[in-house]
Amino acid sequence: MNYGYLRVSTDEQANGTSLDTQRREVTGNALTHNLVIDQFIEDAGVSGHLNFLDRLAANGVTPQPGDVIVVAKLDRFSRNSMDTLNTVHAFKEKQIRLIINGHGDVTDEKNIYGQLMLEIMAAFATHERRVIKDRQRVGQAAKRKAGGHIGGHAPFGFRVEGSGKNAALVPIAEQQAAIETIKSLAGSMSLRAIADEVRKRHGVAISHVAVKKVLNRGN
């Protein structure tokens, strides 16, 4: 069985990355190896950091000896260097061929330059992912410091106004007053007792779990 593997992440979908372009590249790459694709596997909105064999299994595909998988580019295959090398090793043992455009058959022991480039590019793919995650972390920290909201439910004491990049946390007066009460009672009463006291003083319903979160975040 000859498979063509296509993948775009959620962010890449938003930026217009096309599965159709990959389909054409895979088809052409297969033809240069005298192959015809029997089945295309499409992963739309899937991270390249996830285990490749798990991604195949999620599509109902378990490669068998003699099968061939053709991928348009290395980063479509994986952005995790450890998974890349482990998968290639597993394919070699099972006699499954993996052909990546620009690298050739990376499961072919005679293709030493292709395997070398695969190892180098796999390391760069992992590094690129680290850089992206670090940029996201820095951006989220800056937005949080500026009073922006980075997603999820608003913490106790705030409500979310706006959406997407413009989302911001806006203080809720009565809940902010409740937070001051929680802080003043911390250490002198149990979490449940504090929650009861907040309900009595401010008429604000809050659980002991929420009280703990307020104290943990230091607001």
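When a residue number appears, it is its place in the shown sequence, counting from 1. Because only heavy atoms are used, hydrogens play no part in the values below, and waters and symmetry mates are left out as well, while side chains stay in. Please read all numbers here as calculations on a predicted model, not as lab measurements.
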Specify the closest pair of heavy atoms between [X] and [Y], including all atoms of both residues, with the distance to one decimal.
X: Gly4; Y: Ile37; answer: N-CG2, 3.6 Å
X: Leu53; Y: Phe91; answer: CD2-CE2, 3.6 Å
X: Val26; Y: Val71; answer: CG2-C, 4.0 Å
X: His208; Y: Ala195; answer: N-CB, 4.1 Å
X: Ile182; Y: Val211; answer: CG2-CG1, 3.8 Å
X: Leu215; Y: Ala186; answer: CD2-CB, 3.8 Å

Residue pairs fulfilling salt bridge (Lys or Arg N to Asp or Glu O under 4.0 Å) with at least one residue in residues 33-42, sequence neighbours excluded: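 As it turns out, the salt bridge (Lys or Arg N to Asp or Glu O under 4.0 Å) pairs with a partner in residues 33-42, which skip direct neighbours, are Arg23-Glu42.
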Pairs satisfying salt bridge (Lys or Arg N to Asp or Glu O under 4.0 Å), at least one member in residues 89-102, at least two apart: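 Checked against salt bridge (Lys or Arg N to Asp or Glu O under 4.0 Å) - neighbours excluded - the pairs reaching residues 89-102 are Lys92-Glu109, Arg97-Asp105.
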Option among Asp108, Thr84, Val88 that satisfies the side chain to side chain contact (heavy atoms under 4.5 Å, CB included) test with Leu98: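 So the option named by the test is Val88.
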Can any side-chain N or O of [X] pair as donor or acceptor with the backbone N or O of [Y] at less than 3.5 Å?
X: Arg76; Y: Arg7; result: yes
X: Asn101; Y: Gln22; result: no
X: Asp83; Y: His49; result: no
X: His103; Y: Ile99; result: no

Cluster link [X] to [Y], ILVMFWY, side chain under 4.5 Å:
X: Met189; Y: Leu191; answer: yes
X: Leu19; Y: Phe40; answer: yes
X: Leu6; Y: Leu31; answer: no

Step through the shown structure and confirm whether more than 12 heavy atoms of other residues, nucleotides or ligands are within 6.0 Å of [atom1] on [X].
X: His89; atom1: NE2; answer: no
X: Arg199; atom1: CZ; answer: yes
X: Gln95; atom1: CD; answer: no

So how far is it from [X] [atom1] to [Y] [atom2], rounded to the nearest 0.5 Å?
X: Glu174; Y: Ile172; atom1: CD; atom2: CD1; answer: 6.5 Å
X: Ile41; Y: Ile69; atom1: CD1; atom2: CD1; answer: 6.0 Å
X: Ser190; Y: Asp196; atom1: OG; atom2: CG; answer: 7.5 Å
X: Phe156; Y: Gln176; atom1: CZ; atom2: CD; answer: 8.5 Å
X: Lys213; Y: Ser207; atom1: NZ; atom2: OG; answer: 7.5 Å
X: His202; Y: Glu197; atom1: NE2; atom2: CD; answer: 8.5 Å

Side chains of Ile179 and Gln175 in contact at under 4.5 Å (non-hydrogen atoms):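 Side-chain contact under 4.5 Å: no.
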What donor-acceptor contacts under 3.5 angstrom involve side-chain atoms of residues 57-67, with partners at least two apart or in another chain?
{"residue": "Asn59", "atom": "ND2", "partner": "Asp43", "partner atom": "OD1", "Å": "2.9"}
{"residue": "Asn59", "atom": "ND2", "partner": "Arg55", "partner atom": "O", "Å": "2.8"}
{"residue": "Gln64", "atom": "NE2", "partner": "Thr62", "partner atom": "O", "Å": "3.0"}
{"residue": "Asp67", "atom": "OD1", "partner": "Met1", "partner atom": "N", "Å": "3.0"}
{"residue": "Asp67", "atom": "OD2", "partner": "Gln64", "partner atom": "N", "Å": "2.7"}

Ring-ring centroid check Phe77 Phe52, cutoff 6.0 Å: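 Under 6.0 Å, so yes.
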